[in-house]
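The sequence lines fix the lettering, A, B, ..., with proteins before strands; numbering per chain opens at 1. For clarity, every value in this text was computed on a predicted model and none was experimentally measured.
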There are 2 protein chains.
Amino acid sequence: MVARYELIADDLRNEIVSGALPVGSQLPSEAELAERHGAARGTVRQAVAVLAAEGLVGSRQGARRIVLGRARSQSFGELHSFAQWARANGYRFGGQVITQRRRAASAAESARLGPGEVLEVLRLRSLEGEPVLLERTVYAEWVAAAVERIPADCESVTEALYDSIGLVFAYGEHLIDAVSAGAEDARLLGVRRGSPLLRQRRVTTTHEGRPVESSDDRYRAGSVTFSIRNSIGANPLVRQAGDLRSGR
Amino acid sequence: MVARYELIADDLRNEIVSGALPVGSQLPSEAELAERHGAARGTVRQAVAVLAAEGLVGSRQGARRIVLGRARSQSFGELHSFAQWARANGYRFGGQVITQRRRAASAAESARLGPGEVLEVLRLRSLEGEPVLLERTVYAEWVAAAVERIPADCESVTEALYDSIGLVFAYGEHLIDAVSAGAEDARLLGVRRGSPLLRQRRVTTTHEGRPVESSDDRYRAGSVTFSIRNSIGANPLVRQAGDLRSGR
DNA sequence: TAGTGGTCTAGACCACGGT
DNA sequence: CCGTGGTCTAGACCACTAA
């Protein structure tokens, strides 16, 4: 069942992506869109809210909406899963488990994932034949067994876990910064020690808010970029200070 | 004039931040919230949509909404403006123009900012007394004169431009990656050449979609982190590949 | 001042989750 | 099965922009 407002949003998005509504141009008014699609105004507003959330259009009270950009945002799955992202963008990609072991959870890990044992997995992912990403992932005890059953060269861990135990990654928190490559990072990614890496730390939970995994992912510099489009009134991304003040 | 749904959202947000609604707990149903505030259900849905956009609550059809986190997202202004962010978080901060000059726009700059001259400014920003951010900003010709009137040690360029010509930065696109410090970066930020920097490139426009500036901001590693909370169905952040394939 | 988007209401039906 | 959130309607009034 596809919602009416999704169809209207698709329609408008196609006009933007195709260039029929160029960047900087005005969208039709809500009244006109409502008449064109035979829908109520509220439904049209839901549709343009989708486009606004994608960063494609902006709006201000009293004036027509304008087109801000043509790039289509990808889904949560594509941010969460390297495989889903790479596939959606037509890249050749691969993955290989380097090491995998169970151990007791540290205090910090207990706080994030719950008490007990954790499963620590080191995975190297490649894009277009080159190693680009080193994932150090810690899984909560309740998914550890399912993760251990996954082949070492599995393309998509996310999909494997969905197929095997119906696990859906629903919410994530991500911290993005830059770090120096350590000895292991450098060896596996094929860069010099101390060279820059883009780091994405994340904690992911299920629909119910149950923590699944905590990960430290490091990208070779130049291999990927994170992109965000925002506006006054929208605030998806936040800047946080590091360890600047004494006592922190 | 504060909207009704904003008041309801504030109310719920306070309960979350104060811990009255702990992380993982369920929100009251829409019907109950509507009755409690004497509002229609649609208004209540607007309120919880605000919290969902902030990443504080998640929802799924058929089940109660749950609390995902307590951290309050900051505003667009705080992502856009170093000064607004630093002030909102209680940091001591400063800024100093290093160099500033007018020149002809390159082809890429003309495409982003419009044709003609541009004003190129190199600014060093400090946090808690330490240099942490080097901004290389290129302003469009129509704001160049106003920027040139700003004192070299101005704390907040964003606010200065609002006060002087009423300019409001409304929309921004940001690209985040990691790079090596060049000679100039290293000297001004007080790090070694080749050490990692977190880079944020951005293009900002007015409400009308008119481009104002394009900037390359580089943070010393460890000084700041970007944070994002997302969910299935929300997609503020996007990953993009770099220069991996031949011919790109 | 006319047109536009922002807010709000009161109701309806449906899809899904949990019991 | 009931309660929940998701979708949709038809209308109203207001705040703001632009001519």
Side-chain angles (χ1 to χ4, degrees), chain A residues 1-12 21 24-53 56-68 166-168 170-171 206-210 231-234, chain B residues 1-12 21 24-53 56-68 166-168 170-171 206-210 231-234:
Chain A
M1 188 59 193
V2 179
R4 186 80 166 274
Y5 74 87
E6 290 285 2
L7 298 176
I8 300 175
D10 289 345
D11 209 57
L12 281 169
L21 286 172
S25 66
Q26 293 185 336
L27 256 63
S29 73
E30 294 179 356
E32 186 184 332
L33 289 170
E35 195 192 10
R36 182 191 300 180
H37 292 92
R41 190 179 154 219
T43 308
V44 169
R45 284 181 61 81
Q46 262 186 294
V48 295
V50 171
L51 301 185
L56 294 181
V57 306
S59 68
R60 24 189 308 237
Q61 194 173 46
R64 283 280 183 91
R65 291 190 172 82
I66 57 172
V67 178
L68 292 177
L167 175 63
V168 175
Y171 304 113
T206 64
H207 270 132
E208 296 82 24
R210 174 135 90 138
S231 64
I232 288 185
Chain B
M1 188 60 194
V2 179
R4 187 81 166 274
Y5 74 87
E6 290 286 3
L7 299 176
I8 301 175
D10 289 346
D11 209 57
L12 282 169
L21 286 172
S25 65
Q26 294 185 335
L27 257 63
S29 72
E30 294 179 356
E32 186 186 331
L33 288 171
E35 195 192 10
R36 183 192 300 180
H37 291 92
R41 188 176 157 223
T43 307
V44 169
R45 284 181 61 78
Q46 262 187 293
V48 294
V50 170
L51 301 185
L56 295 181
V57 306
S59 68
R60 32 197 294 244
Q61 194 173 49
R64 283 280 183 92
R65 290 188 174 81
I66 57 172
V67 178
L68 293 177
L167 175 62
V168 175
Y171 304 112
T206 64
H207 270 132
E208 296 82 22
R210 175 135 89 138
S231 64
I232 289 187

Please give, in whole Å, the distance from [N] [atom2] to [X] [atom1]?
| X | N | atom1 | atom2 | answer |
| --- | --- | --- | --- | --- |
| A:L33 | C:dT4 | CG | P | 11 Å |
| A:Y5 | C:dC14 | OH | C1' | 14 Å |
| B:R64 | D:dG5 | CZ | C1' | 11 Å |
| B:R41 | D:dC8 | CZ | P | 13 Å |
| B:I66 | D:dT4 | CD1 | C1' | 14 Å |
| B:L27 | D:dG3 | CG | C1' | 16 Å |
| A:Q26 | D:dA19 | CD | C1' | 13 Å |
| B:E30 | C:dG11 | CD | C1' | 15 Å |

Can you check whether [X] has a side-chain N or O nearer than 4.0 Å to OP1 or OP2 of [N]?
| X | N | value |
| --- | --- | --- |
| B:T43 | C:dT7 | no |
| B:R4 | C:dT7 | no |
| B:R45 | D:dG6 | yes |

Write down the atom of [X], the atom of [Y], and the distance for their closest heavy-atom approach.
| X | Y | answer |
| --- | --- | --- |
| A:P28 | A:R36 | CG-NH2, 3.5 Å |
| B:V50 | B:Y5 | CG2-CE1, 3.7 Å |
| A:Y171 | A:H207 | CE1-O, 3.5 Å |

If you look at every strand shown and take non-hydrogen atoms under 4.0 Å, does A:R65 touch a base, only sugar-phosphate, or nothing?
-> sugar-phosphate
Single hit among A:L51, A:L12, A:L68 for side chain to side chain contact (heavy atoms under 4.5 Å, CB included) with A:L56 | A:L51
Nearest 0.5 Å, what's the [atom1]-[atom2] distance between [X] and [Y]?
| X | Y | atom1 | atom2 | result |
| --- | --- | --- | --- | --- |
| B:R64 | B:E30 | CZ | CD | 10.0 Å |
| A:T206 | B:I66 | OG1 | CD1 | 7.0 Å |
| A:S29 | A:R65 | OG | CZ | 9.5 Å |

Ranking A:V2 and B:P28 by the position along DNA chain D of their nearest nucleotide, the one closer to 5' is B:P28
Do other residues, nucleotides or ligands put more than 12 heavy atoms under 6.0 Å from the CD atom of B:E6?
-> yes
Protein and nucleotides 16-19 of chain C: nitrogen or oxygen contacts under 3.5 angstrom:
{"from": "C:dC16", "atom 1": "O4'", "to": "B:Q61", "atom 2": "OE1", "distance (Å)": "3.3"}

With B:D11, which residues qualify under side chain to side chain contact (heavy atoms under 4.5 Å, CB included), at least two apart?
-> B:E15, B:H37
One would report the end-axis bend of the helix from C:dT1-D:dA18 to C:dG18-D:dC1, five pairs per end and rounded to 10 degrees, as 20°
